[in-house]
Amino acid sequence: MPPPYPLIITSKSEMRNWSRILRSTTKSTICLVPTMGSLHAGHLSLIAEARTQADVVVVSIYVNPGQFSRGEDLGSYPMDFEGDLGKIRGIGGVDVVFHPYNLYDYGEEGGGGGGRRDTNRKGDGVVPCVEEREGGHETWVRVEKLEKGLCGKSRPLFFRGVATVVTKLFNIVEPDVAIFGKKDYQQWRIIQRMVRDLDLPVQIIGAEIIREDDGLAMSSRNVYLSPDEREKALSINRSLFKAKSDALKGQLDCRELKKFVVVSIQGAGGRVDYAEIVDQESLEPVEEIAGPVVFCVAAWFGNARLLDNMEINIPKRSSA
């Protein structure tokens, strides 16, 4: 039986040693659930799934500065480690919480801690963007084609930061399985491709989007929404559900489907970053649905940039 209260590890070397000792003495399999904290029911569903995939579960809580560019919301990203611990203890099934201070610190300990505010420091205490530091991190992992579209258009450095920190976590925790939510669809596909291309011995599982009762995709950034903005943000999921329904009824023209979603979101007061229908594997845009696709949307309501997507599983047409 897993312990009722998870072990909290902050050191990279201690985390790696824990995994290696566990595997050598018990032959247990390890599932990693990478998070940036501010846990909600969507994260907790990933943890529940992780318990079915391996013998022990490690949850990492680390706000990764490597995926934030200057001017993005690193300094205001919601953090509540004690609240997160309470939620983890409430559902049980987590063996270790890996909560480093800075994964890009290469001091004597080798970069022990990561990505949380240090209340003993002046200012907001958030670790700055890693390239701005003297002697800073300069090695990056990129999945060149998959990172270019969708979120990569407006956040060109984002996915190199994601791929790099996930690689670091895999090297530190050494999991057999890792679980990612499909709300961040492009991220999930990028990690899948990275693992395939680099022959990393980790099975990647994509977990379905968890939604609020009214359909809004759960996100840590939902806390930025005012009540009015939150109501208006429902235009994202409602228009996506309608577009999927229309596609399954025979409307396969992507231009018309995208126009409907964009008009719906803008009509509710949102600013659309992108609304794209892409192949589920390659993430290449399609003009007409002729096989499995995913309709991906990013839109701003107030100060919150929200992501959502809808898989549309129409059988691939025969070329004969």
Side-chain angles (χ1 to χ4, degrees), residues 42 143 145-156 158-159 162 180-193 206-219 221-222 225 228-302 304-320:
V143 182
K145 289 185 178 180
L146 290 185
E147 73 173 32
K148 287 182 178 178
L150 303 175
C151 286
K153 289 183 179 179
S154 60
R155 305 185 72 187
F158 176 73
F159 286 116
V162 170
F180 293 82
K182 285 188 181 181
K183 182 181 72 68
D184 301 296
Y185 200 92
Q186 186 177 14
Q187 172 179 278
W188 168 53
R189 288 303 194 189
I190 282 173
I191 298 304
Q192 277 189 322
R193 187 67 56 84
E208 298 301 325
I209 295 174
I210 302 299
R211 299 182 180 276
E212 305 282 359
D213 291 341
D214 55 14
L216 185 69
M218 290 189 177
S219 169
R221 287 187 169 93
N222 288 351
L225 296 168
D228 181 58
E229 290 165 347
R230 191 191 180 291
E231 180 64 28
K232 292 177 178 179
L234 295 175
S235 61
I236 300 175
N237 57 282
R238 287 171 178 169
S239 62
L240 279 174
F241 275 109
K242 178 66 165 56
K244 177 177 180 176
S245 175
D246 288 349
L248 294 176
K249 292 176 182 177
Q251 173 56 279
L252 304 179
D253 186 335
C254 294
R255 182 176 57 181
E256 292 300 316
L257 294 171
K258 291 190 293 184
K259 179 180 177 181
F260 168 74
V261 169
V262 169
V263 169
S264 297
I265 294 171
Q266 290 177 339
R271 292 179 290 121
V272 177
D273 185 351
Y274 63 78
E276 294 286 351
I277 300 174
V278 300
D279 179 86
Q280 289 185 12
E281 295 284 343
S282 69
L283 303 186
E284 291 289 336
V286 299
E287 295 182 0
E288 183 175 344
I289 300 175
V293 297
V294 57
F295 198 153
C296 297
V297 169
W300 291 87
F301 281 88
R305 181 176 181 272
L306 305 177
L307 300 182
D308 203 345
N309 66 76
M310 199 75 61
E311 289 182 325
I312 303 173
N313 291 307
I314 292 177
K316 187 170 292 187
R317 295 179 186 174
S318 172
S319 57

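Arg189 and Gln186 share no donor-acceptor pair across their side chains, judged by distance under 3.5 Å alone.
Under a 4.0 Å N-O distance rule, the pair Lys153/Asp273 does not qualify as a salt bridge. For the pair Lys258 and Glu276, the salt-bridge criterion is met [side-chain N within less than 4.0 Å of a carboxylate O].
Put simply, the side chain of Met310 does not reach to within 4.5 Å of the side chain of Ser245, judged on heavy atoms. Looking at Ile289 and Leu257, their side chains come closer than 4.5 Å, going by heavy atoms from C-beta outward. In this structure, Glu311 and Tyr185 have side chains that are in contact, with non-hydrogen atoms separated by less than 4.5 Å. Side-chain contact between Val297 and Ser239 is absent, with no heavy-atom pair separated by less than 4.5 Å. Contact of the Ile265 side chain with the Phe301 side chain is registered, since non-hydrogen atoms from C-beta on lie closer than 4.5 Å. Side-chain contact between Ile314 and Val293 is absent, with no heavy atoms from C-beta onward closer than 4.5 Å. Between Asp184 and Val162 the shortest side-chain heavy-atom distance does not fall below 4.5 Å. Using a 4.5 Å cut-off on side-chain heavy atoms (C-beta onward), Phe159 and Val143 make no contact.
Taking CG from Leu240 and SG from Cys296, the interatomic distance works out to 9.0 Å, rounded to the nearest 0.5 Å. Atom NZ in Lys145 sits 12.5 Å away from atom CG in Leu283 (nearest 0.5 Å). Between Arg230 atom CZ and Leu306 atom CG the span is 10.0 Å, to the nearest 0.5 Å. In this structure, Ile209 CD1 and Leu216 CG are separated by 10.5 Å, a value rounded to the nearest 0.5 Å. The distance from the CD atom of Glu287 to the CG atom of Leu252 is 13.5 Å, given to the nearest 0.5 Å. Note that the CZ atom of Arg155 and the CG atom of Leu150 stand 13.0 Å from one another [nearest 0.5 Å].
Judged by the 6.0 Å distance and 45° axis criteria, Lys242 is positioned over the aromatic ring of Phe260.
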Decide side-chain hydrogen bond (donor to acceptor under 3.5 Å, both in side chains) for Gln280 and Asn313; before the verdict, give the C-alpha distance in whole Å, the side-chain angles of both, and the deciding distance to 0.1 Å. CA-CA 9 Å; Gln280 289 185 12; Asn313 291 307; 2.8 Å; yes
Walk me through whether Val278 and Val294 qualify under side chain to side chain contact (heavy atoms under 4.5 Å, CB included). CA-CA 6 Å; Val278 300; Val294 57; 3.5 Å; yes
Check against side chain to side chain contact (heavy atoms under 4.5 Å, CB included), Cys151 and Tyr274: CA-CA 8 Å; Cys151 286; Tyr274 63 78; 3.1 Å; yes
Take Glu256 and Asp246, measure what side chain to side chain contact (heavy atoms under 4.5 Å, CB included) needs, and give me the verdict at the end. CA-CA 10 Å; Glu256 292 300 316; Asp246 288 349; over 6 Å; no
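Across every non-hydrogen atom of Ala217 and Arg211, the tightest pair is N-NH1, 3.8 Å.
Between the side chain of Asn237 and the backbone N or O of Asp308, no donor-acceptor pair lies under 3.5 Å. Remark: side-chain polar atoms of Gln251 are paired, donor with acceptor, to backbone N or O of Asp253 under 3.5 angstrom.
With sequence neighbours left out, the side chain to side chain contact (heavy atoms under 4.5 Å, CB included) criterion links Ser219 to Lys183, Arg221, Asn222.
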